[in-house]
S.K.: 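Could you have a look at this structure, given as structure tokens, before my questions?
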Amino acid sequence: MTGLFAYESSDLDWCEDNYRHSEHIVEYFNTMSSLFFFVISPIMLYLLHPYARERNLAVHLVWIMMIFVGLFSAYFHMTLSFMGQMLDELSILWVLGLCYGLWFPRRLFPSFIKDRTTFSRLVMMITVVTTLCSFVKPTANAYLLNCFALHIIYSLGLEMRTCTDPKVLRLCWSAVGLWVLAISCWISDRFGCSFWQKLNFCYLHGFWHILIVMAVAYASTLIAYLDANYEIPYSLPSLQYWPSDNWVLGLPYIVLKGTTKTQKIF
Ligand SMILES: CCCCCCCC/C=C\CCCCCCCC(=O)N[C@@H](CO)[C@H](O)/C=C/CCCCCCCCCCCCC
Ligand SMILES: [Ca+2]
Ligand SMILES: [Zn+2]
């Protein structure tokens, strides 16, 4: 049992040199960059509060769980233990399950599913089964998790086909652009390590952490905005960026111009 927690008991080892900057932290920069999750998550929790209050307070679970993803990611890179790897990967799987249950567009549900509650229960069952299967071949988990991004982009493409709103299109392309940058760093760190070692620059996995959090902030806000238009149209959702609309990499959020009260009045 203690072997599961042992330093370097995971089969995964990222490009960054082990113990180079600390004798207690295996991959120092990968550990520190995981702390970026703690910076972005509370801001997103605050920014999405008006939408969550109107739609469903369970929306807050997404960014609360992202804090745990950051915590487990930091623990994994600090120890490279098998337990760290599984906590990191399973927390990502459960955030994905939660996002699908909350936001997957109703009109893309399989035909035998009639409502969101049934769909969410099905997603929950699949997540439990996948959790158990993840112990069969743990080295495959990270690759399979990355495949979800392709399905999310495909579903987004279907949703955006008829969209002409420049603000929504900007958010969509920014999310996809950030993800492309993020996954390029992840793949390059995994498969191009000898090249990066020659350049003495082995920090791409750390950049992946920062870029993927931004991509998730952009993609989840976009999906939440599309969801708000379908599920709570009376709230007149619109998009803004914090701290300012003019910042190239501001954090997107949803402003509700109408409320339940205005719906009742008119
Ligand atoms: C209808 C669904 C809406 C989904 C919205 C987005 C949901 C985001 C869900 C999960 C968050 C992922 C957080 C990533 C944490 C990274 C930690 C990490 O670095 N782990 C590595 C080991 O240290 C591990 O190798 C990484 C594994 C792969 C993770 C794949 C995550 C998929 C993220 C999907 C993002 C979608 C972006 C779409 C852009 C248009
Ligand atoms: Ca390493
Ligand atoms: Zn990582």
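First listed ligand is number 1; within each ligand, the first listed atom is number 1. Sequential numbering from 1 along the given sequence is applied to the chain's residues.
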S.K.: Would you mind writing out a table of all protein N or O atoms found under 3.5 Å from any N or O atom of ligand 1, naming both atoms and giving the distance to 0.1 Å?
M.R.:
from     : atom 1 : to     : atom 2 : distance (Å)
ligand 1 : 19 (O) : Trp208 : NE1    : 2.7
ligand 1 : 19 (O) : His209 : NE2    : 3.1
ligand 1 : 20 (N) : Asp88  : OD2    : 2.9
ligand 1 : 23 (O) : His77  : NE2    : 2.9
ligand 1 : 23 (O) : His205 : NE2    : 3.2
ligand 1 : 25 (O) : Trp186 : NE1    : 3.1

S.K.: Check the surroundings of atom CZ in Phe38: do more than 12 heavy atoms from other residues, nucleotides or ligands lie under 6.0 Å from it?
M.R.: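 It does: Phe38 CZ has more than 12 such atoms within range.
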
S.K.: Can you tell me how far the NZ atom of Lys167 sits from the OH atom of Tyr241, to the nearest 0.5 Å?
M.R.: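 Atom-to-atom, Lys167:NZ and Tyr241:OH are 7.5 Å apart.
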
S.K.: Under the side-chain contact (heavy atoms from CB on, under 4.5 Å) criterion, do Glu89 and Leu12 qualify, and how do the steps go?
M.R.: CA-CA 12 Å; Glu89 291 169 350; Leu12 290 175; 3.8 Å; yes

S.K.: So, for Trp179 and Trp186, is the gap between ring centers shorter than 6.0 Å?
M.R.: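 Judged by ring-centre distance (under 6.0 Å), Trp179 and Trp186 do not meet the cut-off.
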
S.K.: Could you enumerate the protein N, O or S atoms under 2.8 Å from the Zn ion (ligand 3), written like residue then atom name?
M.R.: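 Only His77 NE2, His205 NE2, His209 NE2 fall inside 2.8 Å of the Zn ion (ligand 3).
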
S.K.: Hey, is there an N, O or S on Asp13 sitting under 3.0 Å from the Ca ion (ligand 2)?
M.R.: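 Here the distance criterion (N, O or S atom, under 3.0 Å) is met by Asp13, so yes.
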
S.K.: Say whether His151 and Tyr100, considering side chains only, have a donor N or O and an acceptor N or O under 3.5 Å apart.
M.R.: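 The answer is yes; a qualifying pair exists.
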
S.K.: To 10°, measure the O(Trp14)-the Ca ion (ligand 2)-OE2(Glu27) angle for me.
M.R.: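 Approximately 80° at the metal, rounded to tens of degrees.
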
S.K.: Is Cys172 disulfide-linked to Cys163, taking SG-SG under 2.5 Å as the test?
M.R.: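 Their SG atoms do not fall under 2.5 Å; no disulfide, then.
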
S.K.: Side chains of Ser188 and Trp196: do they bring a donor and an acceptor to under 3.5 Å?
M.R.: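 There is such a pair (donor and acceptor under 3.5 Å, judged by atom type) between the side chains of Ser188 and Trp196.
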
S.K.: Flag the pair Arg20 and Glu27 as a salt bridge only when some basic side-chain nitrogen lies within less than 4.0 angstrom of an acidic carboxylate oxygen.
M.R.: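 No, this pair does not count.
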
S.K.: Any salt bridge linking Arg106 with Asp227? Criterion: basic side-chain nitrogen under 4.0 Å from a carboxylate oxygen.
M.R.: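 No, Arg106 and Asp227 are not salt-bridged.
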
S.K.: Tell me the angle that O of Glu16 and OD1 of Asn18 form around the Ca ion (ligand 2), rounded to 10°.
M.R.: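 O of Glu16, the Ca ion (ligand 2) and OD1 of Asn18 span an angle of about 90°.
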
S.K.: Could you tell me whether the side chains of Thr31 and His77 share a donor-acceptor contact shorter than 3.5 Å?
M.R.: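 Not at all, the side chains of Thr31 and His77 share no donor-acceptor pair under 3.5 Å.
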
S.K.: For the residue pair Phe104 and Phe119, categorise the inter-ring angle as parallel (less than 30°), tilted (30 to 60°) or perpendicular (more than 60°).
M.R.: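 Parallel, since the angle between the ring planes stays under 30°.
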
